[in-house]
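So the structure is just underneath, and the comments pick up after that.
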Amino acid sequence: MLLLRSIKQKLQTSGFDLCHPIHTAWYNHMIQNEGLVESGALKLLPEPSPSIIQSDEVECDGDSSGCVLPSSYNAVLIGNTKAVWPSFIDWLAMKVEEKKRRQDSVSGGNISTQHETAVDDVINSNPFDTYCEESLSQSLQEQCCGED
């Protein structure tokens with residue numbers, strides 16, 4: 001659980017304030033019940049063999065839907081609330097500035113038009129998806145493999 005706590009702390013600095021250990025069997029069950037596998041919206045995740053699950057360590061939140069198997073977590077569910085927006089906006093501004101500098105260094109011409117183009121390029125390239133991918137990859141890489 002020390003690694004999970006460390007990952008949670010690192011992810012929070014990027015605005016990902018939801019981080020919970022799960023078992024892929026729970027996830028698979030949920031998406032199947034919602035019809036998301038049958039519709040093709042989501043795919044099942046690999047599950048470890050049942051022998052790994054130790055049912056004598058079950059903890060419940062009061063009802064059976066809240067039961068978890070602490071020794072059998074094999075995935076981490078990561079999400080965000082509105083806490084992500086300050087970090088994302090800072091990252092987005094940085095990307096626009098990087099794009100402006102690159103455009104300024106390669107070409108002359110109308111700076112105002114180049115800057116508008118830089119903003120359009122960044123905004124039209126799925127910036128939130130890119131932010132999530134970059135931030136999560138960097139955070140997990142640093143926590144699990146050391147800072148490179």
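Quantities reported herein were computed from a predicted structural model and do not represent experimental measurements. Throughout, residue positions are numbered sequentially from 1 according to the sequence presented.
A distance-only check finds a donor-acceptor pair linking the side chain of N28 to the backbone of L45 [under 3.5 Å]. Looking at S137, its side chain never comes within 3.5 Å of a backbone N or O of E134 through a donor-acceptor pair. T13 places a side-chain N or O within 3.5 Å of a backbone atom of K10 that can act as its donor or acceptor partner.
Using a 4.5 Å heavy-atom cutoff, the side chains of Y27 and M30 are not in contact.
Closest approach of K43 to I31, counting heavy atoms only: O-CD1, 3.6 Å. Considering all non-hydrogen atoms of both residues, L11 and S139 come closest at CD2-CB, 3.6 Å. The minimum heavy-atom distance between A75 and T24, with the atom names listed, is CB-CG2, 4.0 Å. When all heavy atoms of S14 and V84 are compared, the closest pair comes out as O-CG2, 3.7 Å. Closest approach of C19 and K8 over heavy atoms only: O-CE, 2.8 Å. Taking each heavy atom of V37 and L44 in turn, the nearest pair found is CG2-CD2, 3.7 Å.
In this structure, the separation between CD1 on I22 and CD1 on I78 is 10.0 Å, given to the nearest 0.5 Å. Atom CD of Q12 is separated from atom CD of Q9 by 7.0 Å, given to the nearest 0.5 angstrom. Atom CD of E133 is separated from atom CD of Q138 by 12.5 Å, given to the nearest 0.5 angstrom. Rounding to the nearest 0.5 Å places CG of L92 at 10.5 Å from CD of E97. Annotation: the span from R5 atom CZ to Q143 atom CD amounts to 12.5 Å, rounded to 0.5 Å. Here CG of L140 is found 10.5 Å from OG of S135. Values are rounded to the nearest 0.5 Å.
In terms of hydrophobic clustering, with Ile, Leu, Val, Met, Phe, Trp and Tyr side chains grouped at heavy-atom distances under 4.5 Å, F88 and L18 are assigned to different clusters.
Listed by chain and residue number, K95 satisfy the salt bridge (charged side-chain N to carboxylate O under 4.0 Å, His left out) test with E98 (two or more places apart in sequence, or in another chain).
Test F16, F128, Y131 against W85 for ring pair (Phe, Tyr, Trp, His ring centres under 6.0 Å) and you get one pass: F128.
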